[in-house]
Amino acid sequence: LPNTRCRPNSHLIIAMDILYLLIPLSLVLVLGIMGLFWWALQSGQFDNIEREGERILRGD
Amino acid sequence: MNQVSASVIARGQVLPARAEAQAFPQRAEPEHRGPLHVVDDFAVLDDPLEQQAFTSVAEYKGKTVSESVLMVQGMYCAACADTVESALQGVAGVLSAQVHAATRRLSLRWDPALTRMSDLARAVGATGYRLLPMQQALSLNTRLAETRKALWRLFVAGFCMMQVMMYAWPAYVAAPGEIPPDIEQLLRWASWMLSLPVVFFASGPFFDAAWRDLKRGRVGMDTPVSIGILVTFLVSTAATFDPAGPWGGEVWFDSLTMFVFFLLGGRYLEFKARDRTAGALDALMNRLPERCERQTPQGDFQAVSLKRLVVGDVVRLQAGQAFPGDGVLLSDSATVDEALLTGESRPVTHRLHANLVAGSYNLGGPVVMRLEQLGANTRFAQIVKLMEQASTEKPRLAVLADRVAAPFLVLVLIAAALASAYWGLQDPHKALAVGVAVLIVTCPCALSLATPAAMLSAAGALARRGVLVRRLQAFEALAEVDAVVFDKTGTLTHDRMTLRRSKLRPGTDESTVLSLAAALASQSLHPVSQAIARALGQAEAGAQTSGEVKETPGQGLQWIATDGGVWRLGNAQWCGLTPDTLVPESLLEDAPGAYLSDDRGWLATFWLDEGIRSDAAQTMASLKDLGLDVRLLSGDQRAAAQRVAQAVGIERIEAQATPERKLRFITEWQQAGQRLAMVGDGLNDGPVLAKAHASFALAHGAPLAQAQSDFVVQSGELADVVFAVRLARQTLRVVRQNLLWAALYNAVSIPLALVGWMPPWLAGLGMACSSLLVILNALRLTRSSPETPCPTHVVAPTAT
């Protein structure tokens, strides 16, 4: 695609418009994921990460 | 750590040897200390005064409930946790019970209206485990909060880094001009947004540390780190909002977030390692609250919790119990084990009105004492205070990385200034941009990871051998020590005596006499009797002493048999012997031991030895091979110290040293410019352990001594000390290699930045690669450790 690389044509620029939606959306997504981990951390899920692995040794 | 001792002092009473015995249930209580008092002592847990140390009140589903943190003793696997949990869940009033298998910690939520703490302890006791209150319940909560916060910082930096990398990716792969300017601007704004939490929240610890250093007028590794973070962020921000400005048009958000993430990752691992060590030490400090029999105004004795004792109380102590405070003996005589305070392994006999010290043990029959000092005023607490004071005076060797930081910072600043000046003449528009580029590419990522990475992997290697590292920086100090100082009792020797040999009256039946001696000796808690009983007991089991056995503290035992015969076991005077009535070959002289006599006079002599550890001599030889001076610093008599020193091969001895004198010796040696490592176990070594450049505590010793030392040898094997010294030297070598590599990386990148050939993608790549290399190099320490031959089996040091 040497052509488009040197002179981006109008068709490609229109396709790029979607980035104005997608990039802010990705920001929101990252914040959402971080919120999820915040909840997991505060509810104590990372306090004892060996516990689930040890469950196999338990009786029931 | 200070928290731990402070809480111990605040509790008023510390009886460490007792705590030690309970913390190591697999090890029997030292025999001369008598049987454990396991008559239902859980009732003391119901005392509100005791409970407030480990229980807090909380709201749960609209009810007021108690939340307690306890320690489960006797638990070794995850399956045990299950047993304890189900035992508790069966009790009415228990709302939730959770056992943390690795730390043996139980978090319990229960309703005080429906059940009592002692009932819960009994329920668990029925399954074969023992519940002990967790003295550090409060510090535990703060530690948990800190761990969560550290992990949260790491998460924030990690997620932001990942996303910023994605935004940076198009700029890395696209040809110039391929990305439309508006999209590029959008990507920069997005990167800037995600860098905000990284700089203003996640980097907090670096700024805090740098600010602390600045206030004290020093330059540490965090200073260049903070400058790097701030400069990179400011320049990139300027480039984002004013691409044509004097700061240049490059953004470095990807390098910035990656840098912070790497450093936080290192910090978090360090934090975890320290947390694990602290948790293991916590386990030692727990014990049941002690009880004691106090005389009531009516004259009878009533059991109360130690916290309720006040000065002036008269208390009665059974054999094997520890004295709760300093005081005066009201009984005629008492045999006391003061090993904890003096390091002297032989018991001491005290007469009426003699002074007794808290923390020592009553070995004879019940004694009565009047308390004169309690809590912080006791001799015991004074030693603890001395210990804490010594730890603040500990000579801190400047950490290698911090020593490098200042010259590094100066060099980088000079390079940046020169670059700006040069470009100022050539092309004033680019001057500032090149100057900051130099500052950014020299960001000391690899440099500040160099030390912690090496020390963490060394600590990991030691942990696999059962050596806990309390202070990571101790590796550097240990690698550079000149001399290793040993304590005698409990360190070079076992803390109990062994029978060396015995001599009998010619013509007597050996087995009869020996079984008689064993039966008689087994009636006493005295260490000499215990040693004789232990040595002869197995072979001569079944011997009976029918009749009356009486013990006179400090003298010996007397048995009047039913047929009227009188046998005595004890010192020469007790047995009615004088040097002229004895043949020279059967004389004890100054060695510890005992005589046995019957109606006809001398019958037998028993010589005792302090049992020297089997690996002691080998360890001394290995340490000398490493070029270290070995010394003995003992609180015991000179002759005893000399005997042990000769047996293991130590030439330099200081004997009869009190904790204060020991500390003075260490201080003098340190002032003479020597770097010392100390190996000890008792509380009397505590101040010295705290003061030495590097210190080892053996795990059977006093918990407080362990809490003050840099390394805790859990196996109790002296060979581990040699291993640690070797590993420390190897660690220092790796640290030096890492620092050299980091310096080389900078030496290459600065010229590139000077000529303006350092695009952001190359800077990021260089930083990631050099950090990775530093970490991989450090990991060699973990991998190489199993190949290092175990010091017990080699004489010559293995060159690495």
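Chain letters run A, B, ... following the sequence lines, proteins first and then strands; every chain starts at 1.
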Chain B contacts, top residue of A:L31, A:I23, A:L29 (heavy-atom pairs, under 4.5 Å): A:I23
Those residues that, when tested against B:R267, pass side chain to side chain donor-acceptor pair (under 3.5 Å) (two or more places apart): B:D222
Just list the side-chain donor-acceptor pairs under 3.5 Å for residues 194-204 of chain B, sequence neighbours left out, or say none.
unit_1 : atom_1 : unit_2 : atom_2 : d
B:S195 : OG     : B:S191 : O      : 2.9
B:S203 : OG     : B:V198 : O      : 2.7

Would you check if there is a donor-acceptor pair between the side chains of B:W189 and B:T240 at a distance under 3.5 Å? no
Taking side chain to side chain donor-acceptor pair (under 3.5 Å) as the test, write out the residues that go with A:Y20, two or more places apart. B:D182
For B:F155 together with A:F46, are the ring centres under 6.0 Å from each other? yes
May I ask you to list the residues in residues 145-154 of chain B that approach chain A closer than 4.5 angstrom, counting heavy atoms only, ordered by number? B:R148, B:L151, B:W152
Using a 6.0 Å distance limit plus a 45 degree cone around the ring axis, check whether B:R109 lies over the aromatic ring of B:Y60. yes
